[in-house]
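Report on the following structure.
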Amino acid sequence: MKKVSRGSSRMEKPEITIGLDLGDRFSHYCMLNEDGDAIETGRIQTTEQAFRRHFEGEPMMRIALECGTHSPWVSRLLNQLGHQVIVANARKIPPSPPASQERPQRCRAAGRFAAHDPRLLSPVQHRSLKRQQDLNLIQRAPRWCVRAP
């Protein structure tokens with residue numbers, strides 16, 4: 001039986017981990033240190049410019065966010081800025097505090113999962129922008145254009 005080295009497949013753990021809760025207008029974040037202690041919490045507008053201002057030029061961070069409406073473009077942007085992005089599968093992650101609780105608590109929970117064991121988030125990989133655009137084009141085509149088998 002062939003032994004597989006697991007060391008090379010693991011992601012390098014950055015010093016800072018962020019849990020990000022994306023909203024339509026504002027997104028909340030919780031920044032954690034290596035020990036899992038919250039060192040900063042806050043909110044930023046859910047726009048490309050705001051994300052660039054906040055995350056551009058920062059040292060590499062591991063950022064966990066839940067799969068949703070804004071997660072495809074946010075994850076692509078944060079990857080372009082040089083950060084490790086983990087998009088959590090919302091249906092398979094451990095229960096987080098209910099939506100009625102403070103959003104910073106939900107961010108902290110996502111950040112801790114990402115910092116200590118990212119596999120708990122059941123990460124998903126979004127389609128590339130080109131593939132998503134192609135899929136959108138196919139879905140918009142009139143039904144009479146689609147050939148029956």
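Nearest approach of Ser75 to Val87, heavy atoms of both residues: CB-CG2, 3.8 Å.
Under a 3.5 Å cut-off, the side chain of Arg62 and the backbone N or O of Val85 do not form any donor-acceptor pair. With hydrogens and angles disregarded, no donor-acceptor distance shorter than 3.5 Å links the side chain of His70 to the backbone of Thr46. Panel note: side chain Asp37, backbone Asn33; no donor-acceptor pair is recorded below 3.5 Å. Remark: side-chain polar atoms of His28 are not paired, donor with acceptor, to backbone N or O of Asp21 under 3.5 angstrom. A donor-acceptor contact shorter than 3.5 Å links the side chain of Arg112 to the backbone of Gly36.
Checking Met60, Met31, Glu40 one by one against Ile16, the side chain to side chain contact (heavy atoms under 4.5 Å, CB included) holds for a single residue, Met31. When each of Glu48, His54, Gln49 is checked for a side-chain hydrogen bond (donor to acceptor under 3.5 Å, both in side chains) with Arg52, only Glu48 meets the rule.
Interatomic distance, CZ of Phe113 versus OG1 of Thr17, reported as 13.5 Å (0.5 Å rounding). Between Tyr29 atom OH and Leu22 atom CG the span is 14.0 Å, to the nearest 0.5 Å. Atoms SG and CD1, on Cys30 and Ile18 in that order, are 9.0 Å from each other to the nearest 0.5 Å.
Under the 4.5 Å side-chain heavy-atom criterion for Ile, Leu, Val, Met, Phe, Trp and Tyr, Phe51 and Leu81 are members of the same hydrophobic cluster.
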